[in-house]
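Protein chains get the first letters and strands the later ones, always in sequence-line order, with residue 1 at the start of each. Source: prediction; values computed, not measured.
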Amino acid sequence: MPSPSILLAFLLLALPAAAQEVVEDAIPRSLTGTPGDATRGRAIVADRQRGLCLLCHSGPFPEEPFQGNLAPSLAGAGSRWTEGQLRLRLVDGKRLNPDSIMPSYHRREGLHRVGPAFQGRTILTAAEIEDVLAFLMTLREEAAP
Amino acid sequence: MIHRALMLALLALPALAQERRSGFEDMAPQTQAMQRDDTSNPGMLWALEGEDLFRQPAGPAGQSCASCHAEGSMQGVAARYPAWDTARQAPIDLAGRIAQCRTDRQGAPPLARESQGLLALSAHVGQQSRGLPIAPPADPRLDAARVQGAALYAERRGQLDLSCAQCHDDHPGRRLAGSIIPQAHPTGYPLYRLEWQALGSLQRRLRGCMTGVRAEPFAYGAPEYIAIELFLMSRAAGLAVETPAVRP
């Protein structure tokens, strides 16, 4: 009979794995169990050191002059996709398209020569992913053509 | 033999896929004008300093570079580097060759990578190939390193998990934030980069592209950089040398 503390440890270890469970093309369950904050999410998306999104994407950020054109506009993302689909796209979009240039924001494995300052760390934390998702879900309107 | 066939196939690919163009073509007209006019090209300050250094005696025998290398003898040299170094039985880049002459032949204190002196001498030697087509040597001893360079170019790295090819072959001409992604032809090194406010080597540029994807860069002078340079020079064969170029 394992001690309760060992059981608890097992449960804790199992948690993140269960939270990231992929169902078809989505991760339906929140990574944290707490709803994200869209205002914080917007700041992360616009931040070139944290979200890095605007290196590749454009979006409804009139105050940001240099936006990339390597990827579709983020405008309307919240109406094109469900939250679960966007969660998988952020956590590990390479499960959808292995050749994608979009980084996997919540994956540590399978990387090569990661710089010392970033080793063992994901690009965004689980809470940051949920914040970004909350923001993306507010982007209902398509970009002007 | 198989190696060579593979290499030729790899090298032919990007050339077939798209018209090759120097990063110069992607620059704003003002930056292009800065490079074209020697009186406004800041890289010329380093090239002139290099010209002085070339004639300055150094080391116990009081010899200068010019004691052994006649005026004009450096023409075309930069267009065919990296080359094979028989002494070390390995490929060597132009800066490495200059540093080697300085220590082994002049007996002078070594010039570190990215030091002002080595950059200046490299700019001076490189400038004498300006306008000449890049002409990588057909030396089979370089093949293995060239193949290694091609592999390093195609390999994903860093926390962002991106290869050189994904940006420079798959998306040239697109914008990464404010920067237009060039085709990565090493036509102008060492060059003056506005972002650096200084002259820098190709290796400094490659480090920037590696740390940009949050990868651990190789140490200056590492054989991996020389392998990548060999591959990039083959890919750029025929394009004109621009040293010292200007880039954003």
Side-chain angles (χ1 to χ4, degrees), chain A residues 44-59 61-74 89-125 128-129 143, chain B residues 13 17-18 26-28 31 148-184 194-195 203-204 206-220 222-225 227-228 248:
Chain A
I44 293 168
V45 168
D47 186 331
R48 283 140 212 274
Q49 308 299 320
R50 284 211 289 162
L52 314 158
C53 316
L54 299 187
L55 291 183
C56 297
H57 290 273
S58 56
F61 304 90
E63 76 285 9
E64 291 292 333
F66 300 114
Q67 307 189 6
N69 67 1
L70 290 158
S73 169
L74 293 178
R89 151 74 56 202
L90 283 179
V91 164
D92 190 5
K94 285 181 185 119
R95 293 183 66 148
L96 303 166
N97 170 12
D99 298 327
S100 178
I101 57 168
M102 177 155 156
S104 296
Y105 279 88
H106 206 61
R107 194 186 79 187
R108 289 186 186 83
E109 319 76 47
L111 300 174
H112 176 59
R113 274 194 85 84
V114 175
F118 304 100
Q119 269 167 25
R121 293 173 44 196
T122 58
I123 305 173
L124 293 179
T125 65
E128 287 171 326
I129 299 261
Chain B
L13 262 178
Q18 70 214 1
D26 299 322
M27 304 198 301
T31 323
Q148 185 200 3
L152 287 164
Y153 186 81
E155 177 176 271
R156 285 175 176 247
R157 57 170 59 74
Q159 194 190 35
L160 305 192
D161 199 25
L162 285 166
S163 72
C164 320
Q166 282 179 300
C167 281
H168 293 295
D169 290 354
D170 299 347
H171 297 95
R174 298 290 196 97
R175 273 184 191 282
L176 181 75
S179 309
I180 295 186
I181 300 179
Q183 289 178 3
L194 301 177
E195 190 183 306
Q203 295 193 6
R204 181 167 179 195
L206 300 184
R207 285 175 76 89
C209 278
M210 290 180 187
T211 52
V213 297
R214 300 183 174 178
E216 183 175 1
F218 301 102
Y220 275 114
E224 285 87 353
Y225 283 132
I228 294 176

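Crowding of A/E63 atom CD: a count of heavy atoms from other residues, nucleotides or ligands under 6.0 Å exceeding 12. Under a cut-off of 6.0 angstrom, the local environment of CZ in A/F66 is sparse, with at most 12 non-hydrogen atoms contributed by other residues, nucleotides or ligands.
In this structure a side-chain-to-backbone donor-acceptor pair under 3.5 Å is missing from A/R113 to B/A215.
Between chain A and the residues B/P217, B/G178, B/S179, the largest count of heavy-atom pairs under 4.5 Å involves B/G178. In terms of heavy-atom pairs under 4.5 angstrom with chain B, the leader among A/H57, A/R107, A/K94 is A/K94.
Looking at A/R48, only its side chain comes within 4.5 Å of chain B, counting heavy atoms on both sides. Residue contact with chain B, scored on non-hydrogen atoms closer than 4.5 Å, involves the backbone of A/T122 exclusively. Contacts of A/L54 with chain B are made by backbone atoms alone, with heavy-atom separations under 4.5 Å and no side-chain atom involved. When heavy atoms are compared at a cutoff of 4.5 Å, B/L162 approaches chain A solely by way of its side chain, counted from C-beta outward.
At least one side-chain heavy atom of B/L160 sits less than 4.5 Å from a side-chain heavy atom of A/P103.
Considering CD of B/Q159 and CG of A/L52, their distance stands at 8.5 Å, rounded to 0.5 Å. Distance check, rounded to the nearest 0.5 Å: CD of A/Q119 to CZ of B/R214 gives 13.5 Å. Here the CG-NE2 distance, from A/N69 to B/H171, works out to 9.5 Å after rounding to the nearest 0.5 Å.
For the salt bridge (Lys or Arg N to Asp or Glu O under 4.0 Å) test, no residue two or more places apart in sequence or in another chain qualifies with B/R175.
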Between A/I101 and B/D170, is the side-chain contact (heavy atoms from CB on, under 4.5 Å) condition met? List the steps. CA-CA 10 Å; A/I101 57 168; B/D170 299 347; 5.9 Å; no
